[in-house]
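Quantities reported herein were computed from a predicted structural model and do not represent experimental measurements.
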Amino acid sequence: MEKSTLIGIVLGIIAVVVGMVLKHANLSSLLNPAAFMIIIVGTVAALFNAFPMSEIKRIPALFKVIFSEQKLPAKRELIGQFMNWASIARREGLLALENTSDEIEDPFLRNGMKMIIDGGEPEFVRDVLNEEIHAIEERHQAGALVFSQAGSYAPTLGVLGAVVGLIAALGNLSDIDALGVSIAAAFVATLLGIFTGYVLWHPFATKLKRKSKQEIEIKKIMVEGLLSIQAGVSPAAIEQKLLVYIPYNERVEMKEEEKEEKREEGAAVNG
């Protein structure tokens, strides 16, 4: 479970509810079926009009991505793995990695490893892998666009809901008490539209984009690592090359950990 998504939704609801209490607004006014119908069903209708069915069918899977914790290999572990493979390849040749490729779980990395083992030209391998990355980015952008557009439609539909509510309220001018309640209920649609648009749909789109960026960055590390192994680059040079994908403070931590491991190994040998 992606805890940040759940925390964000809960805090958003609390912000609205507590804000209404502090403003002495009646919370029961939120229970407005007409507003929910206009905003929720209206947003869904707009999405059906905007996107082909093939992309609409992906929405449940996109929700799963939003609410699930992203499982990506740690950059530091991945760099260490490439250094190990580079050491084997330099010592025994690329064919020595053939058994290793079958054990790789990530399909992108496994495919790339098989291509370099099979002797594919470096430019061909880079082109194939980069084209796959581009295709992945396109799919991710299309998914994020669904929620981004929903975030644009919902607030506008909130205005539509308010107009519908005001039309109903103005038809009841003879009863002043009922008129006040009707006007308050009319603006519930606006509240719901803005809330869903800017607390749910737009942030969901941003989260999908951020997750996509993290995945693409891992894929780029894989491409550079594979091509470096194919070129016969030394493990130390691969580490130096791939460390650019890691923030400077984490690089310092890695160096400190390596020094500590060497000190422990030296102490064990001397002891």
Side-chain angles (χ1 to χ4, degrees), residues 1-20 27 30-33 35-78 105-109 132-158 161 188-222 245 247 250:
M1 171 67 73
E2 180 68 67
K3 294 180 181 178
S4 64
T5 304
L6 199 58
I7 291 170
I9 293 173
V10 172
L11 286 178
I13 293 171
I14 290 173
V16 171
V17 172
V18 173
M20 289 186 68
L27 292 178
L30 292 175
L31 302 176
N32 189 324
F36 278 88
M37 176 66 70
I38 292 171
I39 303 305
I40 303 302
V41 178
T43 301
V44 172
L47 290 177
F48 270 94
N49 287 331
F51 295 92
M53 199 65 194
S54 59
E55 294 185 22
I56 295 294
K57 288 179 179 178
R58 293 182 58 224
I59 292 178
L62 294 174
F63 272 111
K64 185 177 179 181
V65 172
I66 291 167
F67 284 94
S68 300
E69 190 172 352
Q70 194 172 22
K71 295 180 181 179
L72 294 173
K75 292 179 183 178
R76 292 166 64 170
E77 293 178 5
L78 191 59
E105 294 182 3
D106 187 282
F108 180 85
L109 181 56
E132 187 168 348
I133 288 176
H134 179 69
I136 292 171
E137 284 183 301
E138 287 289 327
R139 289 197 299 272
H140 290 177
Q141 287 173 6
L145 184 61
V146 170
F147 287 101
S148 180
Q149 290 300 104
S152 299
Y153 301 146
T156 306
L157 287 167
V188 171
T190 304
L191 184 153
L192 185 61
I194 294 172
F195 178 85
T196 56
Y198 292 103
V199 179
L200 298 180
W201 311 138
H202 274 306
F204 285 176
T206 300
K207 176 151 286 184
L208 287 172
K209 291 174 185 176
R210 292 299 303 163
K211 288 192 171 190
S212 174
K213 186 174 184 293
Q214 292 168 356
E215 183 178 343
I216 295 304
E217 195 169 59
I218 292 293
K219 296 271 190 292
K220 288 180 178 178
I221 292 175
M222 291 176 178
Y245 291 96
E250 290 186 26

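Every pair passing salt bridge (Lys or Arg N to Asp or Glu O under 4.0 Å) that includes a residue from residues 190-214 is listed here, sequence neighbours excluded: E2-K211. Counting only residues at least two apart or on different chains, no salt bridge (Lys or Arg N to Asp or Glu O under 4.0 Å) pair has a member in residues 55-74.
Atom CD1 of I38 is separated from atom OG1 of T190 by 9.5 Å, given to the nearest 0.5 angstrom. The CD1 atom of I133 lies 4.0 Å from the CZ atom of F108; values are rounded to the nearest 0.5 Å. Residue L157 holds its CG atom at 11.0 Å from OG of S152, rounded to the nearest 0.5 Å.
Applying the side-chain hydrogen bond (donor to acceptor under 3.5 Å, both in side chains) criterion to S212, with sequence neighbours excluded, gives H140. Residues that satisfy the ring pair (Phe, Tyr, Trp, His ring centres under 6.0 Å) test with Y245, not counting sequence neighbours, are absent from this structure. Residues meeting the side-chain contact (heavy atoms from CB on, under 4.5 Å) test with V10, sequence neighbours left out: I14. For P60, there are no side-chain contact (heavy atoms from CB on, under 4.5 Å) partners, not counting sequence neighbours. Partners of E77 according to the side-chain contact (heavy atoms from CB on, under 4.5 Å) rule, which considers only residues two or more places apart in sequence or in another chain, are A74.
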Taking only distance into account, with no hydrogens and no angle test, what donor-acceptor pairs under 3.5 Å do side-chain atoms of residues 192-205 form with protein atoms, sequence neighbours excluded?
from	atom 1	to	atom 2	distance (Å)
T196	OG1	L192	O	2.9
T196	OG1	G193	O	3.2
H202	NE2	G151	O	3.4

Distance-only check: which donor-acceptor pairs under 3.5 Å involve side-chain atoms of residues 214-222, not counting sequence neighbours?
from	atom 1	to	atom 2	distance (Å)
E215	OE2	K219	NZ	3.4
E217	OE1	K75	NZ	2.4

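Taking both residues in full, the closest heavy atoms of V16 and L191 are given as CG1-CD2, 4.1 Å, listed atom of the first, atom of the second, then distance. Scanning both residues, A150 and T43, for their nearest heavy atoms gives CB-CG2, 3.9 Å. Across every non-hydrogen atom of L78 and L109, the tightest pair is CD1-CD2, 4.4 Å.
Inter-residue side-chain proximity for V188 and F36 is flagged as unmet; no heavy-atom pair is nearer than 4.5 Å.
At least one donor-acceptor pair closer than 3.5 Å links the side chain of T5 to the backbone N or O of I66.
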